[in-house]
Number of protein chains: 2
Amino acid sequence: MRSNESILISERSNPSAAFAFRPVPKNRISEDALAQLVDMIVSGEVKPGERLPGERELAQSLSITRTSLREALRRLENMGLASVRQGDGIYVRDFRREANLDFINFQAGRGAALEPQLLLGMDEARRLMSAMVVSLAARRADASDIEELRRVAGECPPDGSPELLSGKWDYDFYLTIALASMNGAFVCLINTMKGMFATFRPMYSLLDEGRRESIKDLNLRLVDAIESGDERAASAIVEERMRQDMEDLAKRAQSPEKRKSKTRKAGAK
Amino acid sequence: MRSNESILISERSNPSAAFAFRPVPKNRISEDALAQLVDMIVSGEVKPGERLPGERELAQSLSITRTSLREALRRLENMGLASVRQGDGIYVRDFRREANLDFINFQAGRGAALEPQLLLGMDEARRLMSAMVVSLAARRADASDIEELRRVAGECPPDGSPELLSGKWDYDFYLTIALASMNGAFVCLINTMKGMFATFRPMYSLLDEGRRESIKDLNLRLVDAIESGDERAASAIVEERMRQDMEDLAKRAQSPEKRKSKTRKAGAK
DNA sequence: AAATAAAATTGGTAGAACCAGTGTACCATT
DNA sequence: AATGGTACACTGGTTCTACCAATTTTATTT
């Protein structure tokens, strides 16, 4: 959520700049502390079920105040990485089983090194979710939605431009689709994903470079498909675009797709 | 995340109790304050872009300390409902466009009255996501995953039992499926949805009552489908089960499905 | 009028004190 | 021996006050 403000800032102070400035991190001290706590848990330095030192001691170890530490703890709880109980203590949870999307959001947002496996998973989720929301939009978008979609699609900056790289526009477009899908939960999901992919977005945009069709044309085609109510065609356009991205990414990690053939029992029921 | 602990507690102090105690809410004052802030924003009392009173004044209005208020503000930011800038102030964001899943999670968790439209959307999302993760599991689950799935499915408590109503088991089962899908992002997604539906879970379980097939049998069938690698069959089982729930729920709100026919332009490209 | 500097405002951090649940050990009662 | 009561130490929850740091506003200077 921080990137949003920063984008506004950079726009104001550099209205005609050719570069898309990265958001300058205004680290709240609690976020730094949080990062350390998360690292401690993710690295396995402290194990699930284990009890962390008390707030006073923890704060001292981090060289911050209890006040700041507590702000960090609130989010650590929120991510599903720890549970805090008054009178008892702070307990580490099993992040591999209990972490939620806010965890990914935080890790991705601060540029933490995520496991390749997880990155692939995020990408796969993005692909499936996008196709899904597009499909819903095709089912339910009314005339005014289409009009809005076409307007936003038409405002798509040229390929390779900083505005496109920043991902701001792409987000706006998919948010509009989500709004057209008439499903508030998907709107929220898109917004969650926005945070999760904020730092990775430029990478995806670079992958788009080699395409024969401009992003703008592709999206206008998408709007047409949505307007005609053809769910399959609409989702196919999205899937096709993102499959290429995924394939490129897959080269950087082992594909989980082939895992099954090795260990699977043949001829199950 | 609080409900989890409480379940453990009630299990310990009443191992053979016939009742499933509801977790006794241990309100943090910051959460109460947060709830009021959220209400203020959602109700439209303060509008997007508007600037809230300063932390000092806000804290005084809520009769709490700045320290506590700030813990609330951290999450208000995290939900995408406000942005806080040092030296400037606290600004309200457009929750209809910018709220993320944590917002739904919070609202649902405290039993806030959500718009019927949003409830339907949440249910639709749940249905689609579940079908999706099941499909992935069918694609990638290996022998050990199947074994684990069958074990968990076998431990399914009888229909109508408090354990089933609480939703704890159902969550465990779907978490196992998510783990079998080899996609960490979906594991996190399931965990996020767990929070979103925690308070609604009993309602869904009640809908299950009328089924001719027990939940246990149904899920064992599902595991079979996953084992055979039949993605369509597996997701169909899930969709079928959840479609009924959705239909029942739909009776309590207008269906967004029919919206299109009214305003749609005929014969689009 | 523009540039600059000072002041006021606002969020961010610090530190200490006290309130409120938890858990444990010990004691009294049954 | 089991149960319930009590006191105490420990831990998170909350409050207060003071001060630091970023931003905006205002006043001043050029």
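These numbers come from the heavy atoms of this one structure, side chains and all, not from hydrogens, waters or symmetry mates. Every chain is numbered from 1, with letters handed out A, B, ... down the list of sequences.
Separating the CD atom of B:Gln60 from the P atom of D:dT17 is a distance of 12 Å, rounded to the nearest angstrom. One interatomic measurement links the two molecules: CD1 of A:Ile90 to P of C:dT22, which rounds to 15 Å at whole-angstrom precision. The nearest whole Å value for the distance from the CD atom in A:Glu57 to the P atom in D:dA9 is 19 Å. Atom-to-atom, CG of B:Leu58 to P of C:dG12 comes out at 13 Å; the value is rounded to the nearest Å. Between the CG atom of B:Leu62 and the P atom of D:dT14 there is a distance of 13 Å, rounded to whole Å. The nearest whole Å value for the distance from the CD atom in B:Glu55 to the P atom in D:dT23 is 15 Å. To the nearest angstrom, P of D:dT14 lies 10 Å from CD of B:Glu31. In this structure, B:Arg28 atom CZ and D:dT11 atom P are separated by 17 Å, rounded to whole Å.
Taking the six-membered ring where the residue is Trp, B:Trp169 and B:Phe173 present parallel rings, their angle staying beneath 30° rather than reaching 60°.
Annotation: B:Glu147, atom CD; neighbour count of heavy atoms from other residues, nucleotides and ligands within 6.0 Å does not exceed 12. Shown here is B:Gln60, whose CD atom has no more than 12 heavy atoms of other residues, nucleotides or ligands within 6.0 Å.
A donor-acceptor contact under 3.5 angstrom links the side-chain atoms of B:Arg66 to the base of C:dG12. In terms of polar N and O atoms assigned as donor or acceptor, the side chain of A:Arg56 comes within less than 3.5 Å of the base of D:dG12 in a complementary pairing.
Between A:Ile64 and A:Gly87, the one whose closest nucleotide on DNA chain C sits nearer the 5' end is A:Ile64. Two residues, B:Asp88 and A:Asp88, neighbour DNA chain D, and the one matched to the more 5' nucleotide by heavy-atom proximity is A:Asp88. For the pair B:Ser30 and B:Arg51, nearest-nucleotide mapping onto DNA chain D gives the more 5' position to B:Ser30.
Proximity of A:Ser68 to the phosphate of C:dA14: a side-chain N or O atom is located under 4.0 Å from OP1 or OP2. Here B:Lys26 reaches the OP1 or OP2 of C:dT22: one of its side-chain N or O atoms lies under 4.0 Å away. Taking 4.0 angstrom as the limit, A:Arg85 places none of its side-chain polar atoms (N or O) nearer than this to OP1 or OP2 of D:dG12. Under 4.0 angstrom from either OP1 or OP2 of D:dT15 there lies no side-chain N or O belonging to B:Arg70.
Geometrically, A:Arg75 does not engage A:Phe106 in a cation-pi contact defined by less than 6.0 Å to the ring centre and at most 45° from the axis.
Comparing C:dG21, C:dG11, C:dG23 against the side chain of A:Gln86 picks out C:dG21 as the nearest. The nucleotide whose nearest atom lies closest to any side-chain atom of B:Ile29 is, among C:dT22, D:dT15, C:dG11, D:dT15.
At distances below 3.5 Å, not a single donor-acceptor pair connects side-chain atoms of B:Lys216 with backbone N or O atoms of B:Pro157.
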